[in-house]
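A short write-up of the structure that comes next.
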Amino acid sequence: MTAVADGPQRTDGRGARRSAAASSVLRAVLDEGPIARSTIARRTGLSAAAVTGHTADLLRRGLLRELPETAKRGVGRPHVPIDLDTGRHVAGALHLAAHHATVALLDLRGNVLAQQEEPHDGLAAEDLLARAAEILDDLLLGHDREPLGLGVATGGWVDRASGTVVEHPLLGWRDVPVRDLLTAATGLTVAVDGHARSLVHAEQLFGHPRARESVVQLFTGNVVDAAFATGGTVHHGPRSAAGAVAHLPVDDSVEPCRCGRTGCLEATVSEATLARKAGMPFPELLALAAAGETSAVRLFHDRARLIGQAAALLLDVLNPAVLVVVDRSIAVVPSCLPAIRDEVGDRSRRLDSAETVVGTSFPGTELATAGGAVLLDLLYDDPSYFTNSQN
């Protein structure tokens with residue numbers, strides 16, 4: 001793999017201001033490109049000279065590209081629109097789920113270009129990460145683009161600052177230095193975060209327009225966790241432990257939990273619990289429900305009402321502009337999202353709860369998107385963090 005070194009570190013106020021200005025230019029192009037430099041200046045409040053300087057640097061880095069000139073009304077030079085250069089770089093992505101890993105490549109707009117799932121039951125952490133690095137290398141060989149780096153997302157307790165999975169009970173991991181292991185295996189810049197937080201970043205960058213105001217993400221798979229952001233800031237808490245909702249109590253549930261209690265949210269609504277109740281693997285149960293099989297649909301509908309309990313609590317406590325539920329059933333079982341909304345409507349004090357609770361903007365690619373968004377959020381926050389290896 002081609003190594004991409006870290007960019008210059010911001011050591012003073014001037015450097016921080018320059019990085020913030022470059023970020024605002026890149027985000028303006030993400031939102032509205034193709035776009036003229038003069039329009040970027042109006043949107044960002046930067047001077048024409050500053051916009052010209054930042055776009056020149058971003059063009060040199062291969063993050064932007066110029067398009068053919070367009071005629072300008074009235075007197076003056078023609079516009080030269082600029083847009084993201086989605087053909088030069090890719091973001092590597094890795095999502096670590098309980099039973100399989102998803103390795104993918106994303107372009108600068110968050111589109112998934114390629115992905116591969118790899119079962120990993122029984123693999124030690126070091127062996128799984130080494131295998132993921134091999135798959136990433138194979139994917140990169142099939143795409144003639146420079147890797148910006150590798151973003152890694154997973155459930156459990158993830159310390160973003162150190163790139164460590166502090167605790168992931170379903171994987172049996174404790175204090176696994178994921179960033180260090182993958183940096184050594186790939187030679188790439190590696191960033192690691194929790195998957196609910198990374199999907200918040202994805203929604204803010206590429207997804208629901210109201211997510212930039214404030215958003216709660218509720219992720220319900222084998223792992224159940226949450227994340228919250230207001231404005232452009234995702235709340236992490238000490239050692240990035242925020243979002244631990246697995247042990248919220250669920251009404252009328254007696255499902256035993258690994259913590260020793262009964263009725264915890266994750267133990268009640270996890271995919272593993274539903275599969276055990278149905279007596280079949282979760283993907284098979286989901287396929288039956290998607291086909292309209294009555295008993296399978298009923299199981300998912302009942303589970304959706306339980307998810308709605310947690311969604312209502314988060315909605316009332318955090319009062320976001322939008323609450324995003326990430327669950328595989330929503331995209332294929334039509335009654336699930338309405339059932340969640342109905343439960344939220346019954347329990348929440350928010351009068352607009354039905355319109356506020358939505359599904360993910362990335363159905364079918366949410367795991368790949370989660371991994372890629374860890375890296376792309378860094379890029380759009382500070383483009384200078386990444387140095388083009390060809391400079």
Heavy-atom closest contact ([X] atom, [Y] atom, distance):
{"X": "Thr268", "Y": "Glu255", "result": "OG1-CB, 3.9 Å"}
{"X": "Ala133", "Y": "Thr186", "result": "CB-CG2, 3.8 Å"}
{"X": "His208", "Y": "Ser361", "result": "N-OG, 3.4 Å"}
{"X": "Leu139", "Y": "Ala114", "result": "CD2-CB, 4.2 Å"}
{"X": "Gly92", "Y": "Leu136", "result": "CA-CD1, 4.1 Å"}
{"X": "Ala191", "Y": "Leu378", "result": "CB-CD1, 3.6 Å"}

Describe, in one word, how the ring planes of His195 and His95 are oriented to each other, choosing from parallel (under 30°), tilted (30 to 60°) and perpendicular (over 60°). parallel
Would you call the rings of Phe206 and Tyr380 parallel, tilted or perpendicular, taking 30° and 60° as the class edges? perpendicular
Worked check of side chain to side chain contact (heavy atoms under 4.5 Å, CB included) between Asp83 and Leu64: CA-CA 6 Å; Asp83 201 357; Leu64 299 180; over 6 Å; no
As an exercise, state the distance from [atom1] of [X] to [atom2] of [Y], rounded to the nearest 0.5 Å.
{"X": "Leu367", "Y": "Gln115", "atom1": "CG", "atom2": "CD", "answer": "8.0 Å"}
{"X": "Glu271", "Y": "Leu286", "atom1": "CD", "atom2": "CG", "answer": "8.0 Å"}
{"X": "Phe362", "Y": "Asn111", "atom1": "CZ", "atom2": "CG", "answer": "9.5 Å"}
{"X": "Ser19", "Y": "Asp382", "atom1": "OG", "atom2": "CG", "answer": "4.0 Å"}
{"X": "Leu63", "Y": "Ile82", "atom1": "CG", "atom2": "CD1", "answer": "11.0 Å"}
{"X": "Leu46", "Y": "Arg37", "atom1": "CG", "atom2": "CZ", "answer": "14.0 Å"}

Return yes if some donor-acceptor pair links the side-chain N/O of [X] with the main-chain N/O of [Y] below 3.5 Å, else return no.
{"X": "Gln204", "Y": "Gly231", "value": "yes"}
{"X": "Asp107", "Y": "Gly110", "value": "yes"}
{"X": "Thr369", "Y": "Thr365", "value": "yes"}
{"X": "Glu293", "Y": "Ala296", "value": "yes"}
{"X": "Asp193", "Y": "Val374", "value": "no"}
{"X": "Ser214", "Y": "Thr230", "value": "no"}
{"X": "Arg350", "Y": "Gly345", "value": "no"}
{"X": "Arg179", "Y": "Ala161", "value": "yes"}
{"X": "Thr55", "Y": "Val51", "value": "yes"}
{"X": "Arg109", "Y": "Leu30", "value": "yes"}

Test side-chain contact (heavy atoms from CB on, under 4.5 Å) applied to Arg303 and Thr220, Thr273, Val333, the passing residue: Thr220
Are any non-hydrogen side-chain atoms of [X] and [Y] less than 4.5 angstrom apart?
{"X": "Arg197", "Y": "Ser240", "result": "yes"}
{"X": "Leu113", "Y": "His143", "result": "yes"}
{"X": "Val324", "Y": "Leu199", "result": "no"}
{"X": "Cys264", "Y": "Cys259", "result": "yes"}
{"X": "Pro383", "Y": "Ser23", "result": "yes"}
{"X": "Ser198", "Y": "Asp377", "result": "no"}

Counting only heavy atoms not in [X], do more than 12 fall under 6.0 Å of its [atom1]?
{"X": "Asp121", "atom1": "CG", "value": "yes"}
{"X": "Glu66", "atom1": "CD", "value": "yes"}
{"X": "Leu141", "atom1": "CG", "value": "yes"}
{"X": "Asp251", "atom1": "CG", "value": "yes"}

Single-linkage hydrophobic cluster [X]~[Y], side-chain heavy atoms < 4.5 angstrom:
{"X": "Leu188", "Y": "Leu182", "value": "yes"}
{"X": "Leu170", "Y": "Val326", "value": "no"}
{"X": "Trp157", "Y": "Leu94", "value": "no"}
{"X": "Val223", "Y": "Val234", "value": "no"}
{"X": "Phe219", "Y": "Phe282", "value": "no"}

Between [X] and [Y]: side-chain donor-acceptor atoms closer than 3.5 Å:
{"X": "Arg27", "Y": "Ser24", "answer": "no"}
{"X": "Asp159", "Y": "Thr164", "answer": "no"}
{"X": "His120", "Y": "Arg131", "answer": "no"}

Do NZ/NE/NH1/NH2 and the carboxylate oxygens of [X] and [Y] come within less than 4.0 Å?
{"X": "Glu146", "Y": "Arg88", "value": "no"}
{"X": "Glu266", "Y": "Arg258", "value": "yes"}
{"X": "Arg210", "Y": "Glu203", "value": "no"}
{"X": "Asp57", "Y": "Arg61", "value": "yes"}

Begin from the C-alpha positions of Asp31 and Arg212 and carry the test side chain to side chain contact (heavy atoms under 4.5 Å, CB included) through to its verdict. CA-CA 12 Å; Asp31 290 343; Arg212 293 191 179 181; 2.7 Å; yes
Do Val158 and Val166 pass the side chain to side chain contact (heavy atoms under 4.5 Å, CB included) test, and can you show the C-alpha distance, the side-chain angles, and the key distance before you say yes or no? CA-CA 6 Å; Val158 181; Val166 180; over 6 Å; no
Could you walk me through whether Arg305 and Asp342 pass the side chain to side chain contact (heavy atoms under 4.5 Å, CB included) check? CA-CA 8 Å; Arg305 300 288 303 202; Asp342 287 346; 3.3 Å; yes
Can you list the other members of the hydrophobic cluster that holds Leu337, where links are side-chain heavy atoms under 4.5 angstrom apart? Val216, Leu218, Val224, Phe228, Val245, Leu248, Val250, Leu265, Val269, Leu306, Ile307, Leu313, Leu314, Leu315, Val317, Leu318, Leu323, Val325, Ile330, Ile340, Val344, Val357
